[in-house]
Amino acid sequence: MPELPEVEIVCRGLADAFVGHRLTGVIRRFNRLRWPIPDALEQLILGPSGAGGVLRSVERRSKYLLLGFDTGTLLIHLGMSGTLRRLAGGVPLRVHDHVDFVFGEHVLRYNDPRRFGAVLWSADTAQATASGHALFRKLGVEPLGEQFTGRLMYEATRRRATPIKQVLLSGAVVVGVGNIYASESLFRAGIRPTVAAGRIGASRYDRLAGSIRQTLLDAIAAGGSTLRDFVASTGQTGYFQLQCNVYGRTGQPCRVCGGPIRAIRQQQRATFYCPACQRA
DNA sequence: AGAATAACCTGCGTGC
DNA sequence: TGCACGCAGGTTATTC
């Protein structure tokens with residue numbers, strides 16, 4: 001599944017390919033993703049007169065894509081296994097191709113084998129939705145935004161016994177840090193994933209905030225990560241060459257100290273770290 | 001309230 | 001070859 005960098009890449013790809021283009025149809029083949037796809041989605045997008053449907057903007061909030069139309073905002077989440085591909089008309093269907101958004105000669109095709117993703121509608125415009133939709137109410141700050149600082153993390157975690165890895169994954173403080181980049185960011189910061197969030201001091205949170213930001217920026221620069229089924233919105237299969245330092249490298253030598261990378265489980269999720277480089 | 005667990009799904013690799 | 005099992009990038013609802 002996509003983490004924030006992958007969603008950001010898709011977001012940019014969508015903006016380049018479809019902003020200013022008019023949606024001419026929605027074809028839905030399977031209705032139940034995480035939630036049901038709203039009834040009459042096509043009419044909602046096109047508006048009562050049927051004259052709407054020009055895509056005005058594409059934004060990202062956390063791992064949600066926000067497609068702004070004059071009538072409201074289409075919200076898309078890719079879950080663990082979702083992809084969006086831009087295809088010419090007439091490309092044969094694959095299994096799990098649940099929704100097509102038709103833009104004239106091209107189609108934006110949503111595929112999601114595990115169906116943890118979502119296609120939703122908000123009557124708000126994109127900007128209002130980003131701050132006001134119920135889905136976004138409890139979310140933390142954007143990791144690439146100015147509000148995200150070590151100080152913020154420090155203040156949000158006082159007296160909290162939860163391991164720092166789980167705090168990162170929860171999205172309540174900062175969003176967009178998924179299972180791969182949580183491990184990678186903590187490695188870069190030299191912090192052990194099991195440490196209680198409340199026991200990390202202000203200066204180490206400064207370092208962690210910088211590590212998170214840089215890890216995500218590096219991944220975006222690399223065009224996403226090396227995830228198996230990530231597909232850029234252009235339809236190009238994305239095997240990008242972001243090299244992980246710890247994720248998936250159990251037993252292999254740490255790229256810094258040469259010692260073996262260790263794997264543990266936290267909240268039923270794999271965590272990877274270097275016991276020597278991440279001592280506390 | 002914070003924290004831990006279960007649940008939603010399919011696909012793939014592994015080991016018997 | 002087949003089958004059971006565990007695991008996978010996320011998020012929520014439920015429980016204590």
Side-chain angles (χ1 to χ4, degrees), chain A residues 1-11 29-37 60-65 75-84 94-99 110-120 133-140 143 155-186 193-199 212 215-216 218-220 222-232 237-240 242-244 246-250 263-272:
Chain A
M1 114 50 288
E3 295 194 27
L4 182 143
E6 289 77 14
V7 179
E8 178 65 24
I9 297 295
V10 172
C11 180
R29 304 184 185 84
F30 198 100
N31 200 39
R32 290 207 71 88
L33 304 178
R34 169 173 288 284
W35 297 287
I37 298 170
R60 177 190 58 71
R61 169 71 174 117
S62 186
K63 295 167 191 165
Y64 289 89
L65 292 162
L75 306 174
I76 300 177
H77 197 291
L78 299 174
M80 291 273 256
S81 54
T83 56
L84 284 168
R94 300 180 192 174
V95 66
H96 306 307
D97 279 341
H98 302 312
V99 189
Y110 178 92
N111 181 292
D112 184 4
R114 293 177 75 178
R115 306 204 301 271
F116 289 170
V119 174
L120 298 171
H133 193 281
L135 282 171
F136 306 133
R137 286 273 160 73
K138 299 177 300 184
L139 292 184
E155 287 169 1
T157 53
R158 290 312 82 195
R159 269 179 267 285
R160 290 198 53 185
T162 309
I164 182 61
K165 158 87 169 348
Q166 291 162 217
V167 170
L168 294 182
L169 279 187
S170 81
V173 182
V174 59
V175 300
V177 184
N179 205 40
I180 292 177
Y181 298 120
S183 283
E184 293 297 313
S185 299
L186 288 164
T194 51
V195 172
R199 298 193 52 215
I212 290 169
T215 298
L216 296 175
D218 286 354
I220 292 169
S225 72
T226 58
L227 301 174
R228 274 193 295 285
D229 55 7
F230 171 68
V231 180
T237 53
Y239 279 97
F240 300 110
L242 180 76
Q243 201 176 39
C244 288
V246 289
Y247 187 86
R249 297 194 65 240
T250 311
I264 58 173
R265 287 191 83 74
Q266 294 177 284
Q267 303 279 143
Q268 357 233 34
R269 312 277 277 158
T271 298
F272 302 87

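Here is the naming used below: chain letters follow the sequence lines, and residue numbers restart at 1 for every chain. Please read all numbers here as calculations on a predicted model, not as lab measurements.
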Rounding to an integer number of Å, can you tell me how far A/H98 NE2 sits from B/dC8 C1'?
13 Å
Spacing of A/D112 atom CG relative to C/dG10 atom P, expressed in whole Å:
13 Å
Hits for side chain to side chain contact (heavy atoms under 4.5 Å, CB included) against A/A156, two or more places apart or cross-chain, chain-then-number order -> A/V173
Find every protein N or O atom lying less than 3.5 Å from an N or O atom of nucleotides 1-3 of chain B, and list the pairs.
from: B/dA3; atom 1: OP1; to: A/A161; atom 2: N; distance (Å): 3.2
from: B/dA3; atom 1: OP1; to: A/T162; atom 2: OG1; distance (Å): 3.3
from: B/dA3; atom 1: OP2; to: A/R160; atom 2: NE; distance (Å): 2.7
from: B/dA3; atom 1: OP2; to: A/R160; atom 2: NH2; distance (Å): 2.7
from: B/dA3; atom 1: OP2; to: A/T162; atom 2: OG1; distance (Å): 3.0
from: B/dA3; atom 1: O5'; to: A/T162; atom 2: OG1; distance (Å): 3.1

Sequence-distant partners of A/R115, side chain to side chain contact (heavy atoms under 4.5 Å, CB included), two or more places apart
A/F30, A/L33, A/H98
Does A/H96 have a side-chain nitrogen or oxygen under 4.0 Å from the phosphate oxygens OP1 or OP2 of B/dC9?
no
Look only at the side chain of A/R60 and the backbone of A/V7, and say whether a donor-acceptor pair between them is shorter than 3.5 Å.
no
Above 12 or not: heavy atoms from other molecules or residues under 6.0 Å from CZ of A/R29?
yes
In whole Å, what is the span from the CD atom of A/E3 to the C1' atom of C/dG10?
9 Å
Check against side-chain hydrogen bond (donor to acceptor under 3.5 Å, both in side chains), A/Q266 and A/T271
CA-CA 7 Å; A/Q266 294 177 284; A/T271 298; 2.7 Å; yes
Contacts under 3.5 Å, N or O only, protein and nucleotides 12-15 of chain C:
none

Rounded interatomic separation in angstrom, taking CZ from A/R265 and P from C/dC7:
5 Å
Work out which heavy atom in A/L78 is nearest to a heavy atom in A/D112; give both atom names and the distance.
O-OD2, 4.1 Å
Taking atom OG1 of A/T83 and atom CG of A/D97, what is their separation to the nearest 0.5 Å?
7.5 Å
Measure CZ/A/R115 against P/B/dG11 and give the value in whole Å, please.
9 Å
Closest non-hydrogen contact found for A/G82 with A/P2 is O-CG, 4.1 Å
Give a yes or no on whether a donor-acceptor pair under 3.5 Å exists between the nucleobase atoms of B/dC9, that is its base, and the side chain of A/R114.
yes
For DNA chain C, what dot-bracket results from Watson-Crick or G-U pairs at under 3.5 Å, with [ ] for crossers and | for inter-strand partners?
.|||||||.|||||||
Expressed in whole Å, how much space separates the C1' atoms belonging to B/dC12 and C/dT11?
23 Å
Those residues that, when tested against A/Y64, pass ring-ring contact (aromatic ring centres under 6.0 Å, His included) (two or more places apart):
A/H77, A/F136
All heavy atoms of A/S81 vs all of A/R114, minimum pair found to be OG-N, 3.0 Å
Check this one for me: any side-chain N or O of A/R269 less than 4.0 Å away from OP1 or OP2 of C/dA8?
no
When you measure from the side-chain N and O atoms of A/H77 to the phosphate of C/dG10, is any distance below 4.0 Å, counting only OP1 and OP2?
no
Which whole-number value in Å describes the distance from A/L78 CG to C/dG10 P?
11 Å
note: A/F30, atom CZ; B/dC9, atom P; distance rounded to Å ~ 8 Å
Spacing of A/L139 atom CG and A/S62 atom OG [to the nearest 0.5 Å]
5.0 Å
Could you give the distance separating B/dG11 and C/dT12 at their C1' atoms, to the nearest angstrom?
22 Å
Under 4.0 angstrom, heavy atoms only, what part of the nucleic acid is A/A118 near: base, sugar-phosphate, or nothing?
nothing
Measure the distance from CD on A/Q268 to P on B/dA4 and round it to the nearest whole Å.
12 Å
Taking only the side-chain heavy atoms of A/F116 (C-beta and beyond), determine which of B/dT10, C/dG10, C/dC7 contains the nearest atom.
C/dG10
A/R159 CZ: over 12 foreign heavy atoms closer than 6.0 Å:
no
